[in-house]
Engineer: 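Sending over a structure as structure tokens; questions will come in a sec.
The basis for the numbers below is simple: all heavy atoms, side chains too, and nothing from hydrogens, waters or symmetry mates.
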Amino acid sequence: MIRRGWPLLFAGGLHALAFAPGPLPVWLLPLIQVLALALLAGAVWRASGPRAAAVRGWWFGAGTFAVGFYWIFISLHVYGEMAVWLAGLAVVLLAAALAVLPALGMALARRLAGPGSGGLGFVAAFAGGWAGTEWVRGWIFTGFPWLNAGYAHVDGPLSGYAPVLGVHGVALAAAVVAGAFALAACGRGPARVRAGAAGLIVLALGAGLSVARWGIEPAGRPISLRLVQGNVEQSNKFDPNLILDTLQRHLAMSTQPSGVAGFSPDLVVLPETAIPLFQDQLPAPLWQQWIDAAGAQGTALATGIALHTPGPDGGSRYTNSVIGFTGDADPNDLVNGRVPYRYDKAHLVPFGEFVPTGFRWFVNAMVMPMGDFDRGAKRQQPFAIAGQHIAFNICYEDVFGEELLPALRPGPNGEPGATLLANVSNLGWFGDSWALPQHLRIARMRSLELGRPSIRATNTGVTGVIDSRGRVQAVLPTHAAGVLDTVVQGTTGWTPYARWGNAAALTLIAMCLAGAGLRSRVRFR
């Protein structure tokens with residue numbers, strides 16, 4: 001069994017390459033993803049039954065997740081100071097556990113597309129099984145949808161499905177194309193022709209949809225932004241002896257003269273935990289320096305910081321947050337957490353920001369500052385500045401596309417919805433790894449889905465600007481300190497995905513599975 005699994009383990013590793021460009025041209029990534037998935041489809045097609053298909057799906061998933069998530073080892077061992085063997089074992093066990101989902105998906109596909117299913121019946125079952133388990137991975141145990149197959153296609157013809165069906169719809173389309181091309185290569189008779197034609201139709205429709213605007217229009221005047229990338233080494237970030245240097249570095253970068261003639265930012269955005277203290281640990285005179293910096297430029301400042309504020313039950317509330325303020329703020333108000341604008345992270349990272357039940361021992365094996373937070377509300381009012389309404393999210397929250405939808409909608413009192421998305425992150429935990437370009441592709445997918453430009457202010461990268469069609473407008477080099485002075489046009493309007501969320505994609509996934517099962521049953525009888 002192990003010997004037979006190596007080819008699919010290799011195919012899964014190839015699949016992981018589709019999410020991290022590196023030296024590869026971006027147009028090649030969708031092709032790699034479809035090719036790798038087609039290898040899995042062919043193996044499942046030839047499987048003797050659901051059990052054999054599950055084993056093949058597991059090997060493929062294990063290869064994808066072990067290679068694609070290798071950077072978790074860096075955070076656990078290099079920065080979390082976990083023992084090498086335990087950090088390596090954790091990555092292997094995570095990959096093995098996540099691989100159970102594609103195993104189940106392939107077992108379901110083979111059961112539905114049993115003898116007499118016909119070529120297109122198998123394609124539907126394979127696509128529904130793959131995309132369905134990708135969706136399950138996005139919510140089970142709080143969700144970990146990183147490396148969803150759809151993210152490989154932000155630069156390909158299938159990206160046209162993103163504003164309509166979201167990333168799960170793109171994953172479904174990719175699986176249809178992969179399954180169809182696998183059958184075209186190894187099927188027989190008319191089934192090969194039908195399968196190949198189906199794959200080409202899905203590709204052509206995606207390319208046609210990519211030119212649609214979906215009613216997305218400019219909103220207000222463009223906003224001038226400065227995005228700060230401090231490049232603070234993660235091992236130094238929370239060192240008490242270096243925190244003052246970190247603060248002064250970010251303050252100096254926020255106020256340094258622009259290299260763009262006549263540029264004056266409406267808003268300066270700093271990364272997640274750019275201030276590596278709780279706000280009440282920073283004395284009022286230091287807060288006054290930040291307020292004076294905002295006042296001298298006539299700008300607003302938004303920065304990531306951990307907040308310690310009173311809770312509703314009279315206790316304390318700890319949140320991973322973004323705060324915004326201007327030059328007329330009161331330093332004592334900032335010390336006490338009374339800020340003009342705040343966003344509290346709502347979707348927390350297991351082990352990094354909250355401790356799952358029964359895993360305190362695992363967290364205790366790491367050095368992890370600020371590791372147990374309270375959750376923010378599902379909808380929080382966007383930050384209004386210069387006529388734009390900026391919806392912040394923190395770190396990997398932008399992996400959950402449907403959770404960003406509430407910010408686009410008007411508030412309970414008619415407050416405007418978001419015209420611009422902003423992500424603040426600190427991927428310094430993962431070194432110079434694939435995590436950085438993978439996260440950039442995720443952010444591009446969110447802009448494609450929602451029809452909103454995205455800005456990203458990160459500690460080590462990738463800091464940049466993405467337009468409302470998912471195209472990268474400007475980025476800073478990774479692992480280098482710098483500021484990006486830029487102008488961004490906010491947008492308004494509703495893509496179909498912004499209206500429906502994941503409902504349309506899930507309906508199609510269910511239809512694929514039900515149709516395959518019905519077709520197989522009728523033909524078998």
Side-chain angles (χ1 to χ4, degrees), residues 1-16 18 33-68 95-138 140 144-145 147-150 152 168 171-187 195 199 505-506 508-517 519-521:
M1 183 180 295
I2 295 177
R3 186 169 64 249
R4 295 175 186 172
W6 282 113
L8 284 169
L9 188 71
F10 175 81
L14 177 67
H15 190 241
Q33 192 278 325
V34 169
L35 173 62
L37 203 58
L39 294 175
L40 173 63
V44 172
W45 169 255
R46 293 188 296 271
S48 59
R51 179 175 295 183
V55 171
R56 296 175 185 192
W58 185 88
W59 280 107
F60 184 87
T64 295
F65 300 130
V67 174
L98 291 175
V100 171
L101 290 173
L104 294 175
M106 296 305 95
L108 176 61
R110 198 67 190 94
R111 179 170 292 278
L112 293 177
S117 64
L120 292 182
F122 171 77
V123 171
F126 174 79
W130 177 267
T133 52
E134 288 274 58
W135 172 74
V136 171
R137 184 160 60 89
I140 192 171
F144 191 37
L147 295 195
N148 182 297
H168 296 299
L172 178 66
V176 168
V177 173
F181 287 175
L183 280 192
C186 63
L506 294 178
L508 288 176
I509 290 170
M511 290 173 63
C512 284
L513 295 173
R519 180 183 176 92
S520 176
R521 191 169 185 179

Engineer: A side-chain contact here means heavy atoms from C-beta on lying under 4.5 Å apart; do F60 and L39 qualify?
Structural biologist: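 Not touching, per the 4.5 Å side-chain cut-off.
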Engineer: Just say parallel, tilted or perpendicular for the rings of W59 and W6, cut-offs at 30° and 60°.
Structural biologist: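 Plane angle between 30° and 60°, so tilted.
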Engineer: Using 0.5 Å steps for rounding, measure from the CG atom of L14 to the CD atom of Q33.
Structural biologist: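 Answer rounded to 0.5 Å: 10.0 Å.
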Engineer: Atom CG of L9 and atom CH2 of W58: how far apart are they, to the nearest 0.5 Å?
Structural biologist: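 So the gap between those two atoms works out to 7.5 Å.
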Engineer: Could you tell me the separation between the CG atom of N148 and the CD atom of E134, rounded to the nearest 0.5 Å?
Structural biologist: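 Reported value, rounded in 0.5 Å steps: 4.5 Å.
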Engineer: State, to 0.1 Å, how close G138 and P145 come at their nearest heavy-atom pair, and which atoms those are.
Structural biologist: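 Answer, listing the atom of G138 first, then P145: CA-CB, 3.7 Å.
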Engineer: Check F126 against A178 and note the closest heavy-atom contact, atom names and distance.
Structural biologist: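 Closest heavy-atom pair between F126 and A178: CE2-CB, 4.5 Å.
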Engineer: Quick one, L98 with R137, criterion side-chain contact (heavy atoms from CB on, under 4.5 Å). Give me CA distance, side-chain angles, the key distance, then yes/no.
Structural biologist: CA-CA 8 Å; L98 291 175; R137 184 160 60 89; 4.1 Å; yes
Engineer: For I509 and A131, which heavy atoms make the closest approach, and how far apart are they?
Structural biologist: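 Taking I509 first and A131 second, the nearest heavy atoms are CD1-CB, 3.7 Å.
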Engineer: Looking at every heavy atom in both L172 and G128, which two are closest together, and how far apart are they?
Structural biologist: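 Minimum heavy-atom contact is CD1-N, 4.1 Å.
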Engineer: Distance from W135 atom CH2 to I140 atom CD1, nearest 0.5 Å?
Structural biologist: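 It comes to 10.0 Å.
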Engineer: Grab the two heavy atoms, one from T133 and one from P102, that are nearest each other, plus how far apart they are.
Structural biologist: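 Minimum heavy-atom contact is OG1-CA, 4.2 Å.
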Engineer: Which heavy atom of A516 sits nearest a heavy atom of G121, and at what distance?
Structural biologist: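 Taking every non-hydrogen atom into account, CB-O, 3.3 Å.
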Engineer: Measuring from R46:CZ to R110:CZ, what's the distance to the nearest 0.5 Å?
Structural biologist: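 Here the rounded value is 11.0 Å.
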